[in-house]
Asker: 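Dumping the structure here so I can ask a few things about it.
Protein chains get the first letters and strands the later ones, always in sequence-line order, with residue 1 at the start of each. Keep in mind that what you see is a predicted model, and the values were worked out from it rather than measured. Just the heavy atoms: all of them, side chains too, but no hydrogens, waters or symmetry mates, feed the values below.
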2 protein chains.
Amino acid sequence: MSNFEAFFDYIQKISGKLLSEDDKHLLTAHFKTRKLRKRQYFLQEGDVCKYIGFIVKGSARTFTVDEKGHEHILKLSVENWWLTDFESFYLLTPSRFNIEALEELEILQSTNAEIEEFLKKIPAFSAMSNVISQNNTIAAQKRMQAINYSAEERYEELVSNYPHFLQRFPQNMIASCLGLSSETLSRIKKNALK
Amino acid sequence: MSNFEAFFDYIQKISGKLLSEDDKHLLTAHFKTRKLRKRQYFLQEGDVCKYIGFIVKGSARTFTVDEKGHEHILKLSVENWWLTDFESFYLLTPSRFNIEALEELEILQSTNAEIEEFLKKIPAFSAMSNVISQNNTIAAQKRMQAINYSAEERYEELVSNYPHFLQRFPQNMIASCLGLSSETLSRIKKNALK
DNA sequence: TTGAAGTGGTGACTTAAATCAAGAAAACAC
DNA sequence: GTGTTTTCTTGATTTAAGTCACCACTTCAA
């Protein structure tokens, strides 16, 4: 149950609204705990992403594989983040992404239809969804700006926004996530020490 | 009034819901028509973006100016798009962007507080907002993928998504929007002709 | 109608970052 | 504890794209 406590706290904090006991029961009834071992896939390219997961414990990476067989990480996800391919999840189209557990992963998962229900029935859930959408829109704007950033600037931004990622994830994944080769990132870190 | 007809059509089409006569009156009462001449600013860097505009006619660019004085276009906007700096508009913080009319521009504009009211009172408006949020989230995901795209790939993507932009906007703006120098874009187009 | 500003094209050169290759160091498995 | 992946670093080379310089063509304003 402590899984759900953290989840409820998250919803209330983000939305600025309280969950009633009924709300909590509804959520508890529909969100299923799921555990994935390290390296296990939450989603494989070509499948429809039927679930959205709230990360209780652990981390995951979302990545694509290009024609040359190179992997590109789009996103690293940790506790209290939502895990899904939104495009596939919303539109029910086959996903172009893979989502893989990087550590022992524990999530609370639910389906699109259930989420629709929560949005209708739970004011705090719907308010949370709106806040997340707002943040997403703002983040999307910021990312447009980042087109012209140099490798150093992209790295500095990550350091200031997600400093704990540096300890948690190997450098080659950080590099991939920033769209850099791991050699370049290694050199950037060396220069930054001066 | 025909301005509003197009606006109502847009809301109904995107949301999949109909607007009642009351809904329409509420919108008509609060959205103000505003015209900007070519080169006029809708928003200047440092100001809070108090308004959101729905473009009825014309186009605009959202851009920043870096330390070296170079302009970077983040977005080109045309008819039936929303015009605002979402970060500044939602959070009431000073904007880092400029928004300038590229052609004679006609918009329907409203404030944050009014939008909140529409979201509460007009189901079609709220449904529209949700659909736009969904699309935004999907677009944000796609943009993450684009980190590793080459100049050619970025250009090809624009050609397939927004072919009419090529006629409508000068090449140097398209280039800036793609994060390329105009020389590079010129060379890409030359190669593409083969 | 004639500058002036804006736009687009091309060549020469520079630069940032990728790629290739090889070792060192750390983490993990048995 | 020893071997085996995995991760990180460093150097040499290549490549994509930026920068600089210049010219041609159009549009537009006075």
Asker: Please report the distance, rounded to the nearest Å, between CD1 in B/Ile147 and P in C/dA17.
Answerer: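 For the pair B/Ile147 CD1 and C/dA17 P, the rounded distance is 13 Å.
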Asker: Using the side chain to side chain contact (heavy atoms under 4.5 Å, CB included) rule, pick out the option among A/Thr184, A/Leu158, A/Ile188, A/Ile73 that qualifies with A/Leu178.
Answerer: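 Exactly one pass, corresponding to A/Leu158.
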Asker: So, does B/Ser181 get its side chain near the phosphate of D/dT19, meaning an N or O under 4.0 Å from OP1 or OP2?
Answerer: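 No, because none of the side-chain N or O atoms of B/Ser181 sits under 4.0 Å from OP1 or OP2 of D/dT19.
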Asker: How many Å lie between CG on A/Leu180 and P on D/dT9, as a whole number?
Answerer: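 To the nearest whole Å, that distance equals 14 Å.
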Asker: From CZ of A/Arg39 over to C1' of C/dC28, roughly how many Å is that when rounded to an integer?
Answerer: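 After rounding, the reported distance stands at 11 Å.
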Asker: Check the distance between C/dG6's C1' and B/Glu71's CD and give it to me in whole angstrom.
Answerer: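 The answer, rounded to whole Å, is 13 Å.
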Asker: Taking the side chain as every heavy atom from C-beta outward, state whether A/Trp81 and A/Phe54 have any atom pair closer than 4.5 Å.
Answerer: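 With C-beta onward as the side chain, the pair stays apart.
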Asker: Applying a 4.0 Å non-hydrogen cut-off, can you work out what A/Leu185 is touching in the nucleic acid: base, sugar-phosphate, or nothing?
Answerer: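 Since no nucleic acid heavy atom lies under 4.0 Å of A/Leu185, the category is nothing.
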Asker: Heavy atoms only, 4.0 Å cut-off, all strands: where does A/Ser150 land among base, sugar-phosphate and nothing?
Answerer: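 Sugar-phosphate: the residue A/Ser150, judged by heavy atoms under 4.0 Å, touches backbone atoms but no base.
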Asker: CZ of B/Arg154 versus P of D/dA16: gap in Å, rounded?
Answerer: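 Nearest whole value for this atom pair: 14 Å.
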Asker: For B/Asn172 and D/dT26, give me the distance from atom CG to atom C1', rounded to whole Å.
Answerer: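 Value for this atom pair: 14 Å.
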Asker: Quick one: the side chain of B/Arg187 and the base of C/dG8, do they pair up donor-acceptor inside 3.5 Å?
Answerer: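 Under the 3.5 Å cut-off, the side chain and the base do not form any donor-acceptor pair.
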Asker: To check you understand the geometry: which heavy-atom pair defines the closest contact between A/Leu74 and B/Met144, and what is its length?
Answerer: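 Minimum heavy-atom separation between A/Leu74 and B/Met144: O-CE, 3.2 Å.
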Asker: Can you measure B/Asn191 atom CG to D/dA17 atom P for me and round it to whole angstrom units?
Answerer: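 The distance from CG of B/Asn191 to P of D/dA17 comes to 11 Å, rounded to the nearest Å.
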Asker: May I ask you to verify whether the side chain of A/Glu183 and the base of D/dC8 hold a donor-acceptor pair under 3.5 Å?
Answerer: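 No, no donor-acceptor pair under 3.5 Å.
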Asker: Establish, with yes or no, whether the OP1 or OP2 oxygen of D/dT9 is under 4.0 angstrom from a side-chain nitrogen or oxygen of A/Lys190.
Answerer: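 Checking A/Lys190 against D/dT9: no side-chain N or O falls below 4.0 Å of OP1 or OP2.
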Asker: Quick one: CD on B/Gln109 to CD1 on B/Ile55, what's the gap to the nearest 0.5 Å?
Answerer: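 It is 12.0 Å, given to the nearest 0.5 Å.
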Asker: Does a side-chain N or O of A/Gln171 approach OP1 or OP2 of D/dT9 to a distance below 4.0 Å, or not?
Answerer: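 Looking at the OP1 and OP2 atoms of D/dT9, one of them is under 4.0 Å from a side-chain N or O of A/Gln171.
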